[in-house]
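Hydrogens, waters and symmetry mates play no part in the numbers below; they use all other heavy atoms, side chains included.
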Amino acid sequence: MPIRSVWRIHKAGSLDRLTRESEELDAPPPGHARVAVGAVGLNFADIAACLGLYSATPKGAFVPGLEFAGAIEAVGEGVASMAPGDRVIGVTRFGGYATHVNADVRYLLPLPAGWSDADGAALPVQAITAWYAISDLGACRSGHSVLVQSAAGGVGLNALAILRGLGARVVATVGHERKVPFLLEHAGLDRRQIVVRDRRAFGAQLDEALRVNRMDGFDLVLDAVAGPFLEPAYRRMRPAGRLVVYGAADLMPSGTRTNWLTLAARYVMRPRIDPINMVSANRSVMGFNLIWLWDQADRLPQAYAGLARYITRPPFIGRRFPFGEAPAAMRYLQSGDSIGKVVLDT
């Protein structure tokens, strides 16, 4: 049996509790393949799980990580679709921060030709999140006006690519002025489409963005920030508009531990939208967590097929860390300074 290295946390609550361990990995069970991992993609859900803020976090000790890419080393009984040597992208319900993974082959996808392991590890979670929010929940169509919060992040950049392919009209927000040049150069936007969020004047910022882009409201809002930015966006949706929430970065602690008093204060001050008002305003608010779709593996091929039409080049990777620096990589992602995807190289 091979020896693998993993990053494990034995009790959620602090990133400082992550420890690197070595252990034997059993042979792949039926329907599974053992993958030698070349790269691991990082997500905010990894941080939230380690801080004890993620409802899907396993009980007790666990290995974080939801996506990876690498080469198949061995296959279990009944696997005929893949063979040792095949290069694959994979998703897993935790367990991705590892040098080897036994993965259910239903959650493996061939790595596109010409892509590196890092490219592959950067794709699935955030791209599928963007696709599900835009296509399944958002019902976005050509000509729709769309607000994309955190547009320089991994989900945001995938969303911009999909929306461009659909022919939607976009306003994008970022948290820092330093991210604007990146969007101008890499995302095909012009300056009037980009809003640098101001907590105290966000509504007025959106009004100006709508005016200069000749929009009368948003048909779809994609929100991974929430906090004081959610309600102003909601109030600027057109009739039949949809607000899709898939994260709450405004509630994410900035330190390695959770300050429960600060978190409680932000939670009490969180936005509240009256469902009766939603009826009279003819607007919808929807939320989802991609991990709860884990048991619906039959939906993955359709999602990947949809993505292939619009994601035609590897995702933008803002920074790569060695596998041994996983805690530092997570803190960097948590800082809000990152652009695009953060990846661990094993």
Next item on the list: Can you measure from CD (Gln126) to CG (Leu290) and round to the nearest 0.5 angstrom?
Entry: 10.5 Å
Note to self: Here's a test for you: under side chain to side chain donor-acceptor pair (under 3.5 Å), which of Gln149, Lys179, Gln205 qualifies with Thr173?
What the structure shows: Gln149
Margin query: Before you tell me yes or no, could you show the steps for Ser150 and Arg197 under side-chain contact (heavy atoms from CB on, under 4.5 Å), namely the whole-Å CA-CA distance, both residues' side-chain angles and the distance that decides it to 0.1 Å?
Written below: CA-CA 9 Å; Ser150 295; Arg197 294 187 302 270; 4.0 Å; yes
Notebook entry, point to check: Side chains of Pro315 and Trp115: does their closest heavy-atom pair fall under 4.5 Å?
Noted result: yes
Notebook entry, point to check: Under a 4.5 Å cut-off applied to non-hydrogen side-chain atoms, are Phe218 and Val170 in contact?
Noted result: no
Checklist line | Which atom of Arg20 lies closest to which atom of Ser5, heavy atoms considered | finding: NE-OG, 2.8 Å
Notebook entry, point to check: So, does Thr346 use its side chain to make a donor-acceptor pair with the main chain of Gly38 at under 3.5 Å?
Noted result: yes
Item checked: Side chain to side chain, Tyr132 and Tyr246, heavy atoms closer than 4.5 Å -> no
Margin query: Could you work out, with ring pair (Phe, Tyr, Trp, His ring centres under 6.0 Å) as the rule, every residue matching Phe316, not counting sequence neighbours?
Written below: Phe182, His186
Notebook entry, point to check: How far does CG of Leu220 sit from NE2 of His144, to the nearest 0.5 angstrom?
Noted result: 8.5 Å
Notebook entry, point to check: Taking only residues two or more places apart in sequence or in another chain, which ones pass salt bridge (Lys or Arg N to Asp or Glu O under 4.0 Å) with Asp298?
Noted result: none
Notebook entry, point to check: Are Leu51 and Leu42 co-members of a hydrophobic cluster defined by side-chain heavy atoms under 4.5 Å apart?
Noted result: yes
Note to self: Let me confirm one number: the CG-CZ distance from Leu206 to Phe229, rounded to the nearest 0.5 Å.
What the structure shows: 10.0 Å
Next item on the list: Return the set of residues passing ring pair (Phe, Tyr, Trp, His ring centres under 6.0 Å) with Phe62 (not counting sequence neighbours), or none when no residue passes.
Entry: Phe94
Check: According to the salt bridge (charged side-chain N to carboxylate O under 4.0 Å, His left out) rule, which pairs have a member within residues 159-174, sequence neighbours left out?
Finding: none
Next item on the list: Would you please test Asp46 and Tyr97 for side-chain contact (heavy atoms from CB on, under 4.5 Å) and show each step?
Entry: CA-CA 10 Å; Asp46 305 340; Tyr97 285 27; 2.8 Å; yes
Next item on the list: Examine Val343 and Val125 and state if one hydrophobic cluster contains both, with Ile, Leu, Val, Met, Phe, Trp and Tyr joined whenever side-chain heavy atoms are less than 4.5 Å apart.
Entry: no
Check: Closest heavy-atom contact between Arg331 and Leu15?
Finding: CG-CD1, 4.0 Å
Margin query: Starting from Leu25, can I reach Val105 by hopping between I/L/V/M/F/W/Y residues whose side chains sit under 4.5 Å apart?
Written below: no
Checklist line | Taking every non-hydrogen atom, the tightest pair across Val245 and Leu230 | finding: CG2-CD1, 3.8 Å
Notebook entry, point to check: What residue among Leu111, Leu109, Val35 forms side-chain contact (heavy atoms from CB on, under 4.5 Å) with Val88?
Noted result: Val35
Check: Excluding sequence neighbours, so at least two apart, what forms side chain to side chain contact (heavy atoms under 4.5 Å, CB included) with Arg191?
Finding: Glu177, Val180, Leu184, Ile194, Val196
Check: Of all residues at least two apart in sequence or in a different chain, which pass the salt bridge (Lys or Arg N to Asp or Glu O under 4.0 Å) check with Arg319?
Finding: none
Checklist line | Closest non-hydrogen atom pair, Ile317 against Ala122 | finding: CG1-CB, 4.0 Å
For residues 155-162, run the donor-acceptor check on the side chains, cut-off 3.5 Å, and write out each pair with its distance to 0.1 Å, sequence neighbours left out.
residue, atom, partner, partner atom, Å
Asn158, ND2, Gly154, O, 2.8

Check: Side chain of Asp190, backbone of Arg192: donor and acceptor closer than 3.5 Å?
Finding: yes
Notebook entry, point to check: Can you pull the salt bridge (charged side-chain N to carboxylate O under 4.0 Å, His left out) pairs that have at least one residue in residues 67-89, sequence neighbours excluded?
Noted result: Arg34-Glu73, Glu67-Lys341, Arg87-Asp117
Notebook entry, point to check: Do you know which two heavy atoms are closest between Val63 and Trp7, and how far apart they sit?
Noted result: CG1-O, 3.3 Å
Notebook entry, point to check: Which pair of non-hydrogen atoms, one from Ala329 and one from Leu344, has the smallest distance, and what is that distance?
Noted result: CB-CD2, 3.7 Å
Checklist line | Reported OG1-to-NE2 distance for the pair Thr19 and His10, which is rounded to 0.5 angstrom | finding: 4.0 Å
Notebook entry, point to check: Is there a side-chain contact between Pro112 and Ile89, using heavy atoms and a 4.5 Å cut-off?
Noted result: yes
Next item on the list: Find out if a path of hydrophobic residues (ILVMFWY) with successive side-chain heavy-atom gaps under 4.5 Å connects Val146 to Val212.
Entry: no
Notebook entry, point to check: Partners of Arg8 by salt bridge (Lys or Arg N to Asp or Glu O under 4.0 Å), sequence neighbours excluded?
Noted result: Glu21, Glu23
Checklist line | Arg106 backbone acceptor or donor facing Asp104 side chain under 3.5 Å | finding: yes
Item checked: Donor-acceptor contact below 3.5 Å, side chain Arg283 vs main chain Met237 -> yes
Notebook entry, point to check: Who passes salt bridge (Lys or Arg N to Asp or Glu O under 4.0 Å) against Asp119, sequence neighbours left out?
Noted result: none
Item checked: Full working for side-chain contact (heavy atoms from CB on, under 4.5 Å) between Val221 and Tyr234 -> CA-CA 8 Å; Val221 174; Tyr234 169 81; over 6 Å; no
Margin query: Please check: side-chain N/O of Asp345 versus main-chain N/O of Arg320, any donor-acceptor pairing under 3.5 Å?
Written below: no
Next item on the list: To the nearest 0.5 Å, tell me how far Ile134 CD1 sits from Leu222 CG.
Entry: 5.5 Å
Check: Counting N and O atoms only, with roles assigned by atom type, does the side chain of Tyr107 sit under 3.5 Å from a partner on the main chain of Arg93, one being a donor and the other an acceptor?
Finding: no
Next item on the list: Output the distance between atom OH (Tyr54) and atom CD1 (Ile47), rounded to the nearest 0.5 Å.
Entry: 12.5 Å
Note to self: If we ignore hydrogens and angles and just use 3.5 Å, is the side chain of His32 paired with the main-chain N or O of Pro30 as donor and acceptor?
What the structure shows: yes
Next item on the list: Sorted by first residue and then second, give each salt bridge (charged side-chain N to carboxylate O under 4.0 Å, His left out) pair with at least one member in residues 136-156; sequence neighbours left out.
Entry: Asp136-Arg299
Note to self: Going by salt bridge (charged side-chain N to carboxylate O under 4.0 Å, His left out), name the pairs with one or both residues in residues 217-230, residues two or more places apart or in two chains.
What the structure shows: Asp219-Arg238
